[in-house]
Amino acid sequence: MEVNTMWFIRDSRYFVTRSLHVLSFDVVLADIFGDKSMIIAKNDPIAKAGDIVSYKDQGLLVNGISSEDGGRTMELSCSSLDELFLRPVYTHNINLSDFASTETFIKSIIVNHFLGLDPAYDLSFLELPADAAMTATPLIPPELGDYSMVLTDYIHKVSRLGVATKYMIKQGKIIIDISARVAQSHTLDLTGHEVIEDYAEEGVAKISNFTDDGVTDYYLLVDGTMTTTPGNAVRASGAWQTMQKSDADKVSAEFAKNKYGHRIEFLAREKYCLMDNMRIKTPSGRIIHTFVSAIGKTSTDSRYKYTCGEVAQNLTVKLREGNE
């Protein structure tokens, strides 16, 4: 990404395209947090919330605009194009058994709730993939509530579990790709690099369950599994807690409440993808097994800005095991 080059702003209703003179930027290319991107541009053309800013084939949704430098420039606060689907949709008549995969569920919600219903709000510039072009991940159940759901939230949820919704701007259309991706694994030594490290840990590592038949000790291992016979396995650190007349499922649920996390931020020229697995040696000497949680770019550095992990998330989320 460069300033003053190949930047455009597009009206989200008619997709009319105008050139945009960008002076600086700090943008999120992909992430699991919903973080905002910031773009400073000349105040001509005038932008409005809901417009789409694009660079080559990548796009961002404008959320807010503030005037800078006596009105000569504007600061655009932008988010992922996932937020095109923030409006809650009616779900009372949805039968989940009708959907064979996560990908077809996402496509169906877009087709039936964001295309062709009301000309004033129709996202007619979207181009969806043919069913045959999509992967088929077993349906990850959405949280439908009594009457509605927010598709943006569901897209964020399944992205953690390997189903990505991506957007490419081409020939006046936003082409959507909905597909599963197998995370790649990488090893990275950041010794001597400028790195931001943040750690948080709070939780239980051993639970003694008291019953009429005696005491059963459950141990949490560093890989997130639970056992009553740890042997030489590496045990997680944390408090020793007791429970009464519980079963293994309840003990496991108690371990799942643990808070454990880290957040590693660094710059690199290599291209990694969201949710890729990373084995990182940090400047402090820690060996961290983590995953890519955010990818960004700034106008002041040609390298990618990466974030790995997330602080204070439930252990079950951190390990990305099962469906939430």
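Bear in mind that the values here come from a model prediction, so they are computed numbers and not experimental data.
Defined by atom type and a distance below 3.5 Å, a donor-acceptor pair is present between the side-chain atoms of Thr17 and Arg10. Residues Glu103 and Thr135 bring a donor and an acceptor atom of their side chains to less than 3.5 Å of each other. Remark: the Arg263 side chain and the Thr307 side chain contain no N/O donor-acceptor pair separated by less than 3.5 Å. Side-chain atoms of Tyr167 and Asp177 form no donor-acceptor pair, as typed in the model, at a separation below 3.5 Å. Remark: the Asn63 side chain and the Ser79 side chain contain an N/O donor-acceptor pair separated by less than 3.5 Å.
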Worksheet item: How far apart are the C-alpha atoms of Thr282 and Thr191, what are their side-chain angles, what is the distance that settles it, and do they pass the side-chain contact (heavy atoms from CB on, under 4.5 Å) test?
Response: CA-CA 6 Å; Thr282 71; Thr191 302; over 6 Å; no

Fill in: Criterion ring-ring contact (aromatic ring centres under 6.0 Å, His included) on Phe114 and Tyr121, from CA distance to verdict
CA-CA 8 Å; Phe114 293 93; Tyr121 303 97; over 10 Å; no

Discussion item. Run the side-chain contact (heavy atoms from CB on, under 4.5 Å) test on Lys305 and Asp26 for me, step by step, so that the C-alpha distance in whole Å, both residues' side-chain angles and the decisive distance to 0.1 Å come before the verdict.
Written reply: CA-CA 10 Å; Lys305 182 170 65 174; Asp26 184 352; 3.0 Å; yes

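Rounding to the nearest 0.5 Å places CD1 of Ile52 at 9.5 Å from CD1 of Ile9. Between Lys56 atom NZ and Ser54 atom OG the span is 12.0 Å, to the nearest 0.5 Å. Rounded to the nearest 0.5 angstrom, Leu29 CG and Ile295 CD1 are separated by 7.0 Å. Remark: Leu115 CG to Ile110 CD1 distance equals 7.5 Å, nearest 0.5 Å. A distance of 7.5 Å separates OG1 of Thr165 from CG of Leu151, quoted to the nearest 0.5 Å. From Phe8, atom CZ reaches atom CG of Leu20 across 9.5 Å, with rounding to the nearest 0.5 Å.
In terms of modelled atom types and a separation under 3.5 Å, the side chain of Ser24 and the main chain of Ser299 share no donor-acceptor contact. The backbone N or O of Ser246 lies less than 3.5 Å from a partner atom in the side chain of Asn209, making a donor-acceptor pair. A donor-acceptor pair under 3.5 Å links the side-chain atoms of His92 to the main chain of Asp146, judged by distance alone. Thr211 contributes a side-chain N or O that, together with a main-chain N or O of Gly214, makes up a donor-acceptor pair within less than 3.5 Å. Distance alone, capped at 3.5 Å, places no donor-acceptor pair between the Tyr90 side chain and the Met149 backbone. Judged by distance alone, with hydrogens and angles left aside, the side-chain atoms of Lys36 form no donor-acceptor pair with the main-chain N or O of Val27 at under 3.5 Å. Between the side chain of Asn112 and the backbone N or O of Ile109 there is no donor-acceptor pair closer than 3.5 Å. In terms of modelled atom types and a separation under 3.5 Å, the side chain of Ser37 and the main chain of Val28 share a donor-acceptor contact.
Between Leu126 and Ile176 there is a side-chain heavy-atom pair separated by less than 4.5 Å. Here the side chains of Ile287 and Ile280 are not in contact, with every heavy-atom distance at 4.5 Å or above. The closest side-chain heavy-atom distance from Glu254 to Gln241 is below 4.5 Å. At least one side-chain heavy atom of Trp7 sits less than 4.5 Å from a side-chain heavy atom of Val53. You'll find the side chain of Ile207 stays beyond 4.5 Å of the side chain of Asp217, heavy atoms only.
Heavy atoms from other residues, nucleotides or ligands lying under 6.0 Å from NZ of Lys166 number 12 at most.
Taking the ring axis of Tyr304 as reference, the NZ or CZ atom of Arg269 does not stay both within 45° of it and closer than 6.0 Å to the ring centre.
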